[in-house]
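Reviewing the structure listed below.
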Amino acid sequence: MDNRIFLIYGKDPGSMTKALLEAEKAADLIGDRGKRIVLKPNFVIAGDPSDGATTHTEITVAVLEYLKDNGFSDIAIAEGSWVGSRTEEAFRMLGYYRLADRFGVELIDTKKDRFRKVTSHGITMEICETALNADFIINMPVLKGHCQTLMTHSMKNLKGFLSDRSKRDFHRLGLMKPIAAIADIIHPDLIISDSICGDLDFEEGGTPVETNRMMAATDSILFDAYSAGLMGFQPDDIGYIKEAREMGIGDTDPSHAEVIELNKPVVSSAKPHGTAQRLAAYTAPDDACSACFASLIHALKRLDDEGLLRRLGSRKIAIGQGYKGKKPEIGVGVCCSGAEHSVKGCPASADDILAMLRGLIEQE
Ligand code: SF4
């Protein structure tokens with residue numbers, strides 16, 4: 001576990017995943033070829049990844065190809081959908097039965113696994129033996145919004161290792177402390193994050209925001225603390241990150257992360273819809289990169305949640321490479337550094353954009 005976070009931009013999750021695995025030197029990280037490796041995607045429901053809820057299948061394929069090419073063979077893919085959904089439906093819809101055959105790996109619906117009771121910080125939970133017995137866990141969450149916890153990513157994705165009974169208990173206990181507690185018990189060895197088009201505010205998807213970014217890290221808690229900023233939150237805004245800090249189980253200061261970009265962002269091609277489309281009415285993109293534009297949409301969502309969005313009036317926020325050398329009133333990213341009110345960064349981060357917009361509104 002170290003403090004590095006690798007970022008890569010693009011539209012091909014397969015090649016991006018391979019580049020992240022190479023950057024992390026994943027084969028060296030795993031070591032012994034006889035180790036039992038468990039892959040944990042996010043199949044909260046049976047949903048198409050383009051809806052912003054589930055891990056892109058190309059990522060799993062790339063991880064499996066990488067592991068096989070490097071001589072690893074004891075591999076399982078394990079997941080349990082949320083209470084009320086059948087994991088097999090997601091496995092079928094996303095082609096996992098074929099994948100398991102093709103690569104000769106186990107496919108485990110954790111709802112049907114054996115469980116052991118484990119306790120951390122006073123929270124007792126039933127965790128599947130597949131996770132507890134793994135030598136190396138590769139967590140593959142989707143970075144997306146969540147209607148109760150605001151954000152779901154690496155730490156919360158571990159809920160898929162619980163029995164349905166414990167998932168219900170987690171909700172009864174308010175989610176935050178239990179999520180921190182499971183992160184104290186299960187430490188994924190590597191996290192390959194799908195931030196291609198995670199949902200704006202619902203874990204079950206429906207309002208995907210094209211970001212065209214993937215990330216990799218080994219410290220789950222620091223990674224979540226950093227990722228909160230990508231969605232316009234401070235780490236303590238996310239209850240389970242705050243609990244993790246108070247429990248003393250990990251570093252939640254994003255300034256301690258060493259962020260390494262493997263390439264530069266790509267220009268967006270998607271048209272936002274739903275809530276994202278309404279928020280996009282406050283923007284004036286011109287050749288905007290998807291990661292930058294996604295940051296702006298997340299910042300506008302936070303502003304809307306705070307009841308401040310309307311105070312922007314009819315002003316539109318400039319963003320994109322088409323603004324180089326121009327002087328818009330409000331602009332985002334280095335391309336708009338000539339703006340009267342601007343935020344640096346390439347891409348700009350949602351928390352910086354939010355701070356700039358809040359300041360602008362509050363000084364009026
Ligand atoms: S600052 Fe400009 S080049 Fe950089 S990510 Fe944003 S739009 Fe793209």
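Model, not experiment: these values are computed from the prediction.
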- Message: Between Lys301 and Leu279, does the side-chain contact (heavy atoms from CB on, under 4.5 Å) criterion hold? Intermediate values first, please.
- Response: CA-CA 7 Å; Lys301 176 70 169 65; Leu279 298 170; 3.8 Å; yes
- Message: side chain to side chain donor-acceptor pair (under 3.5 Å) for Thr110 and Asp113? Distances and angles first, verdict last.
- Response: CA-CA 5 Å; Thr110 57; Asp113 207 348; over 6 Å; no
Any donor-acceptor pair under 3.5 Å linking the side chain of [X] with the backbone of [Y]?
| X | Y | result |
| --- | --- | --- |
| Asn139 | Ser154 | yes |
| Asp219 | Asn3 | no |
| Thr17 | Val63 | no |
| Asn42 | Val44 | yes |
| Lys111 | Ser81 | yes |

- Just do the side-chain contact (heavy atoms from CB on, under 4.5 Å) check on Met93 and Glu89 with the steps written out, would you? CA-CA 6 Å; Met93 175 180 176; Glu89 266 181 48; 6.0 Å; no
Which atom of [X] lies closest to which atom of [Y], heavy atoms considered:
| X | Y | answer |
| --- | --- | --- |
| Ala131 | Ile186 | CB-CD1, 4.1 Å |
| Met356 | Ser342 | CG-O, 3.9 Å |
| Gly206 | Asp199 | N-OD1, 3.0 Å |

From [atom1] ([X]) to [atom2] ([Y]), nearest 0.5 Å:
| X | Y | atom1 | atom2 | result |
| --- | --- | --- | --- | --- |
| Ile317 | Phe293 | CD1 | CZ | 9.5 Å |
| Ser120 | Met247 | OG | CE | 6.0 Å |
| Cys336 | Ile330 | SG | CD1 | 11.0 Å |
| Arg310 | Ile361 | CZ | CD1 | 12.5 Å |
| Tyr282 | Asp304 | OH | CG | 7.5 Å |
| His341 | Gln363 | NE2 | CD | 6.0 Å |

- Message: Going by side chain to side chain contact (heavy atoms under 4.5 Å, CB included), name the residues that satisfy it together with Tyr66, two or more places apart in sequence or in a different chain.
- Response: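 By the side chain to side chain contact (heavy atoms under 4.5 Å, CB included) rule, Tyr66 matches Leu21, Glu22, Ala26, Ala27, Asn70.
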- Query: Where do Leu303 and Arg311 land on the side-chain contact (heavy atoms from CB on, under 4.5 Å) test, with the steps shown first?
  - Reply: CA-CA 10 Å; Leu303 211 59; Arg311 288 173 57 183; over 6 Å; no
- Hey, would you say the Phe136 and Phe72 ring centroids sit under 6.0 Å apart?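 No, they do not, as the ring centres are separated by 6.0 Å or more.
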Take a 6.0 Å sphere around [atom1] of [X] and say whether it holds more than 12 heavy atoms from other residues, nucleotides or ligands.
| X | atom1 | result |
| --- | --- | --- |
| Lys35 | NZ | yes |
| Arg114 | CZ | no |
| Arg315 | CZ | yes |
| Lys68 | NZ | yes |
| Lys344 | NZ | no |

So do the side chains of [X] and [Y] get within less than 4.5 Å of each other, counting heavy atoms only?
| X | Y | value |
| --- | --- | --- |
| Leu357 | Leu300 | yes |
| Val266 | Ser290 | yes |
| Met151 | Tyr240 | yes |
| Glu261 | Pro347 | yes |

- Worked check of side chain to side chain donor-acceptor pair (under 3.5 Å) between Thr55 and Asp194: CA-CA 6 Å; Thr55 306; Asp194 180 343; 5.0 Å; no
- Message: Going by the rule side chain to side chain donor-acceptor pair (under 3.5 Å), which residues pair with Arg165 if we only count those two or more places apart in sequence or in a different chain?
- Response: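 Testing Arg165 for side chain to side chain donor-acceptor pair (under 3.5 Å), a comparison that skips the adjacent residues, returns Glu126.
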- Query: Residues two or more places apart in sequence or in another chain: which of them pass salt bridge (Lys or Arg N to Asp or Glu O under 4.0 Å) with Glu106?
  - Reply: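 With sequence neighbours excluded, Glu106 shows a salt bridge (Lys or Arg N to Asp or Glu O under 4.0 Å) to Arg36, given in chain and number order.
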- Item | Verdict with reasoning, His153 to Asp224, per side chain to side chain donor-acceptor pair (under 3.5 Å) | CA-CA 6 Å; His153 194 219; Asp224 273 9; 2.9 Å; yes
- Item | Partner of Ile8 under side chain to side chain contact (heavy atoms under 4.5 Å, CB included), chosen from Met214, Lys264, Met215, Arg213 |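 Answer to the side chain to side chain contact (heavy atoms under 4.5 Å, CB included) test with Ile8 among Met214, Lys264, Met215, Arg213: Met214.
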- Task: Begin from the C-alpha positions of Asp164 and Lys167 and carry the test side-chain contact (heavy atoms from CB on, under 4.5 Å) through to its verdict.
- Result: CA-CA 5 Å; Asp164 273 3; Lys167 284 181 192 139; 3.3 Å; yes
